[in-house]
Amino acid sequence: MNLHEFQGKEILNSFSVHVPYGIIASSPEEAVKAAKIIFEKTNKKSLVIKAQVHAGGRGKGGGIKVVQSLEEVYKKSKEILGNYLITPQTSKKGKLVHKVLISEDVYSSPSPYYIPKEYYLSIFLNRDLEKNVILYSKEGGMDIEYISKKYPNKIYIEEIDPSWGLHLFQARKIGFNLGIKNLSSFLISLYNAYLSCDATLLEINPLIYTFDNKIIAVDTKIIIDDNALFRQKKYANLRDREEEEPIEIEALEYRLNFLKLEGNVGCMVNGAGLAMATMDMIKSCGGYPANFLDIGGDADKKRVEKAFLLILKDPSVQVILINIFGGIVRCDTVADGIINSYHHIDHDIKIPVVVRLQGTNEEKAKKKLETSKLPIYSTYTLKEASDKIKEILSD
Ligand code: GDP
Ligand code: MN
């Protein structure tokens, strides 16, 4: 689950990680109100308006504005709010902005010649190493892909032993490599925040070191492990449904394991392992999976029907493959679910459907599908199914 910058900063703040003072606003009027408070509190001549969307590169897309007056706050936040923000990390359509963060300008200093240096720092779970790692660089501000391409030897990685946690000597080493004095306590707070909220990523980009020796997390991106939300109840409600694939949210409601992908072959499978194998098979047939969908081992008619509806919602699907191995779930139940879908959906299903049902009650299932007279290609084996998919895709 992705968090917005303002949500991430609230978490960091609660772990004593220094973040710029900010107030969230949903309208230009609220933005002005927030700006008044911030101007008064900080006594600075400028502040920053930051569009809150789940995408980086907002600076380049015009979603970050440094402004000097309340008039400007009103004008700029009106321009940003309710409009689509296009950044190098969004689609061409961009992302609709519902909120802006009105934030203290932490770059300002008494001297016009002082520009704080920007650093990069992130903590994330490295699944290959089976460890959390801290990745950091003196070249912050830009996105990390660019940094690693342009300055591959200016990126450092520190591995954290899960049984010891972050050692003080490691924190000191990171500070030394970055040339930042007294970074240790900042890093330890950051690592605590990362662990405590079950994050899989906590990225600070940029991190700055100010003229008065303050270390500040200027921007943050936090991803919380979905599988940990059951024990992270206070963070679970931070999910912004507007930012997520509507199909995936619907799937969640029916306890279907659904991930939207880019391809043209919709698939419905029981079991994650079989779903992975099915996706490989689709690729070897010259197709590309439109989704990952595991309906679970205990799927019933209703769930099959819902899964079917979800796949049909995706306009890029050209053919649907239903690949079920009947173990606990019975093939004839799945067949009933498929047939019901044809009767319950209010428009004709024009997309060809290839079904492979093998296992418990497979004959019964095949008979049901055949006597239904619906345009379904019913097969027993994976080979038959993949041949059929290939044939359909090459037409
Ligand atoms: P991103 O572009 O989505 O990653 O958004 P960031 O929050 O990282 O901001 C992008 C850039 O805006 C930073 O690299 C800074 O150059 C600038 N910026 C962000 N916060 C401030 C601020 O408080 N003051 C000033 N002057 N510039 C800022
Ligand atoms: Mn950033």
Side-chain angles (χ1 to χ4, degrees), residues 2-10 12-13 17-25 31 34-35 37-39 41-69 72-73 76-77 80 83-91 94-124 135-148 150 190 201-212 214-223 240 243:
N2 280 307
L3 299 186
H4 282 294
E5 176 191 11
F6 75 96
Q7 297 169 326
K9 283 180 170 172
E10 270 168 32
L12 292 187
N13 193 35
V17 176
H18 192 161
V19 293
Y21 180 67
I23 299 171
I24 195 75
I37 298 173
I38 290 171
F39 275 132
K41 195 175 158 94
T42 63
N43 225 353
K44 288 178 182 169
K45 290 193 176 62
S46 52
L47 54 75
V48 195
I49 304 174
K50 308 186 80 174
Q52 298 297 292
V53 288
H54 287 183
R58 293 165 301 167
K60 287 196 192 101
I64 310 278
K65 300 279 180 208
V66 182
V67 295
Q68 261 92 31
S69 66
E72 256 187 302
V73 169
K76 296 285 179 203
S77 53
I80 296 173
N83 281 315
Y84 283 87
L85 176 68
I86 303 167
T87 85
Q89 291 181 24
T90 64
S91 65
K95 290 219 148 180
L96 187 58
V97 186
H98 295 283
K99 288 187 162 79
V100 287
L101 177 64
I102 307 300
S103 181
E104 163 189 13
D105 180 2
V106 285
Y107 285 56
S108 71
S109 79
S111 155
Y113 305 107
Y114 186 90
I115 299 166
K117 181 158 174 47
E118 299 184 317
Y119 302 84
Y120 177 94
L121 202 150
S122 65
I123 310 175
F124 63 94
L135 190 123
Y136 59 104
S137 173
K138 277 184 179 175
E139 310 300 325
M142 309 159 257
D143 65 79
I144 187 66
E145 284 80 18
Y146 181 79
I147 303 173
S148 61
K150 189 145 188 237
L190 204 64
L201 171 76
L202 196 178
E203 181 182 67
I204 309 292
N205 188 26
L207 173 136
I208 60 164
Y209 191 65
T210 62
F211 75 98
D212 50 353
K214 285 196 190 103
I215 301 162
I216 305 178
V218 174
D219 183 19
T220 186
K221 174 177 178 178
I222 296 183
I223 300 178
D240 183 348
E243 289 278 348

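Note that the coordinates shown come from a computational prediction; the quantities given were computed from them, not determined experimentally. Atoms within a ligand are numbered from 1 in the order they appear, just like the ligands themselves.
- Rounding to 10 degrees, one finds that the Mn ion (ligand 2) sits at the corner of an angle of 100° between Asp219 OD2 and Asn205 O.
- Within 4.0 Å of ligand 1, the residues that place a heavy atom are Val48, Lys50, Gly56, Gly57, Arg58, Gly59, Ile64, Val66, Glu104, Asp105, Val106, Tyr107, Glu118, Asn205, Pro206, Val218, Asp219, listed by chain and number.
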Practice item. Might you work through the side-chain contact (heavy atoms from CB on, under 4.5 Å) test for Tyr119 and Tyr209, ending with a clear yes or no? Key: CA-CA 8 Å; Tyr119 302 84; Tyr209 191 65; 4.1 Å; yes
Exercise for review: Go through the steps to decide whether Leu202 and Leu12 satisfy the test side-chain contact (heavy atoms from CB on, under 4.5 Å), and finish with yes or no.
Suggested key: CA-CA 10 Å; Leu202 196 178; Leu12 292 187; 4.0 Å; yes
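- Checked against Ile208 for a side chain to side chain contact (heavy atoms under 4.5 Å, CB included), the options Glu118, Lys117, Lys214 give a single hit: Glu118.
- A donor and an acceptor atom, one from each side chain of Asp240 and His54, are nowhere located under 3.5 Å apart.
- When atom types are taken as modelled, the side chain of Asn205 and the backbone of Met142 share a donor-acceptor pair closer than 3.5 angstrom.
- The pair Glu5-Arg58 meets the salt-bridge criterion, since a charged nitrogen lies less than 4.0 angstrom from a carboxylate oxygen.
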